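Throughout, a chain's letter reflects where its sequence line sits, starting with A, and its residues are numbered from 1. The shown structure was predicted, so the numbers you read here are calculated from the model rather than taken from an experiment.
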There are 2 protein chains.
Amino acid sequence: MSEPIRLLIADDHPVVRAGLRAVLATEPGLEVVAEAPTAEEAVALAAEHRVDVVLMDLQFGGGMSGSEATAAITSRPGAPRVLVVTTYDTDADTLAAVEAGATGYLLKDAPPEELAAAVRAAAEGRTTLAPAVANRLMDRVRTPAAALSRRETEVLELVAEGLSNLQISRRLHLSQATVKSHLVHVYTKLGVDSRTAAVAAATARGILRRR
Amino acid sequence: MSEPIRLLIADDHPVVRAGLRAVLATEPGLEVVAEAPTAEEAVALAAEHRVDVVLMDLQFGGGMSGSEATAAITSRPGAPRVLVVTTYDTDADTLAAVEAGATGYLLKDAPPEELAAAVRAAAEGRTTLAPAVANRLMDRVRTPAAALSRRETEVLELVAEGLSNLQISRRLHLSQATVKSHLVHVYTKLGVDSRTAAVAAATARGILRRR
DNA sequence: GCAGCGGTCAACCTTTTGATCGATGGCCGC
DNA sequence: GCGGCCATCGATCAAAAGGTTGACCGCTGC
């Protein structure tokens, strides 16, 4: 028998860590060598231990995000593969994780066999994506982007908080004309024609974080 | 030694079920007698088995919600206690679960000891609330309510999807005047004066489900 | 050096939304 | 049966938001 695949579990929920450990313990050829309750610890432990695959959550209570940790881990030479295992998938998170160098992306409702299969695939550098995530990525590739500029996003966030154009202009030290100008660009980029529709569309696409 | 506390775990995530089972297995006096991957099965299993405490998730993939299952379980005579164990707490969910008769409400990031303590408390009928949930309930009691009527909520949901008054009136087979009328009532109840602010306020208070 | 883009602003006009007043009918509870 | 709440609709007016055009500046890249 060959070397076992060495795993690091990074999740802030003790219950989830125990669950992943329990599920993967029944699989032959897999070995959990460490657990990290924060993203920072995940980065440190991935460096200390010899690890083949990191199971990474995206949401941590505070501090570094899972995406940031993924980027930090994969940027090193001889780095382990990172398999993102998260509960809910917002579009922004998905994209960020993939850009950060994640090898796979699963949702926590995946059955154990699928999880184990994804771990083995990740160890070999092959990618496994949850169907919902795959569809999302396809949509993203198809839809040329609709990337909002920094300022446009900033304005849209304030719109989502319920501020009027006048309030936004004061908050950002702009004229109302500028606020409108940004919003018009946002509308055309998102293919909508009202502030509420823009917020809905941006939330659906994960451009705005759902609070 | 007295009788062990008999548990039913209801969660649609295999990983979480395994985690709860693993965490609680180390605790003396607790025994997991069944697992349910859906709310419907949870109701059925709670009736079949002799169960003291049900660990209930709120979000299931589809079909019956955790709150509905909680109501169904607790409505029977000699029913087990229901301890809600969920990932994220939206205000609407919290309230619904408490109204449905949940004995306790924990978040999944709770440490194992806290979880075990809550289970024992629930078995005796004592209530355990996660701090965040407790605060929320206090706020709710303090704020006289701002309960929206069924129709008002319906209109507000469509606003949140980005529809204009005209579109809403068509969707609900109403006149624009009626839509406006509902919205004015919503605004006064929420203490705001625009549709986007209403959506933001309602989302913050958990009246609208964050999608 | 110039084209392109992001960010800023102005003026003007149309549409939508919100504010106010009023009115009708149904249903529930005391 | 009457007051209160919900749901429905109409009309009117003022304010906010959206659409269009055009302009200027600063930065980046070819």
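When rounded to the nearest whole Å, the span between NE2 of A:His182 and C1' of C:dC9 equals 10 Å. Rounded to a whole Å, the CZ atom of A:Arg151 is 8 Å from the C1' atom of C:dG7. Atom CG in B:Leu174 sits about 14 Å away from atom C1' in D:dG10, given to the nearest Å. Here the P atom of nucleotide C:dC5 and the NZ atom of A:Lys189 are 10 Å apart, to the nearest Å. In this entry the distance linking CD of A:Glu152 with P of C:dC5 reads 13 Å, nearest Å. In this entry the distance linking CZ of B:Arg170 with P of D:dT8 reads 17 Å, nearest Å. The NE2 atom of A:His185 sits 16 Å away from the P atom of C:dG4 (whole-angstrom rounding).
For B:Thr74, there are no side chain to side chain donor-acceptor pair (under 3.5 Å) partners two or more places apart in sequence or in a different chain. Judged as a side chain to side chain donor-acceptor pair (under 3.5 Å), and not counting sequence neighbours, A:Thr128 has no contacts. A:Glu124 meets the side chain to side chain donor-acceptor pair (under 3.5 Å) test with A:Arg126; sequence neighbours excluded. Applying the side chain to side chain donor-acceptor pair (under 3.5 Å) rule to A:Glu114 yields no partners; only residues at least two apart in sequence or on another chain are considered. Taking the side-chain contact (heavy atoms from CB on, under 4.5 Å) definition, one finds that A:Ser164 meets it with A:Leu166, A:Gln167, sequence neighbours left out. Remark: A:Arg50 pairs with A:Glu3, A:Arg6 by the side-chain contact (heavy atoms from CB on, under 4.5 Å) rule, at least two apart or across chains.
Proximity of B:Thr178 to the phosphate of D:dC9: a side-chain N or O atom is located under 4.0 Å from OP1 or OP2.
End-to-end axis angle of the helix from C:dG1-D:dC30 to C:dC30-D:dG1, from C1' rotation axes over five pairs per end: 50° (rounded to 10 degrees).
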What is the per-nucleotide protein-contact pattern of nucleotides 10-26 of chain C, from the 5' end, where B denotes a base atom under 4.0 Å from a protein heavy atom, S denotes such proximity for sugar-phosphate atoms only, and - denotes neither?
-> B------BBB-------
Please tabulate, for side-chain N and O atoms in residues 31-44 of chain B, each donor-acceptor pair with protein atoms closer than 3.5 Å (sequence neighbours left out).
residue, atom, partner, partner atom, Å
B:Glu35, OE1, B:Arg17, NE, 3.0
B:Glu35, OE2, B:Arg21, NE, 2.5
B:Glu35, OE2, B:Arg21, NH2, 3.3
B:Thr38, OG1, B:Glu41, N, 3.1
B:Glu40, OE2, B:Met64, N, 2.9

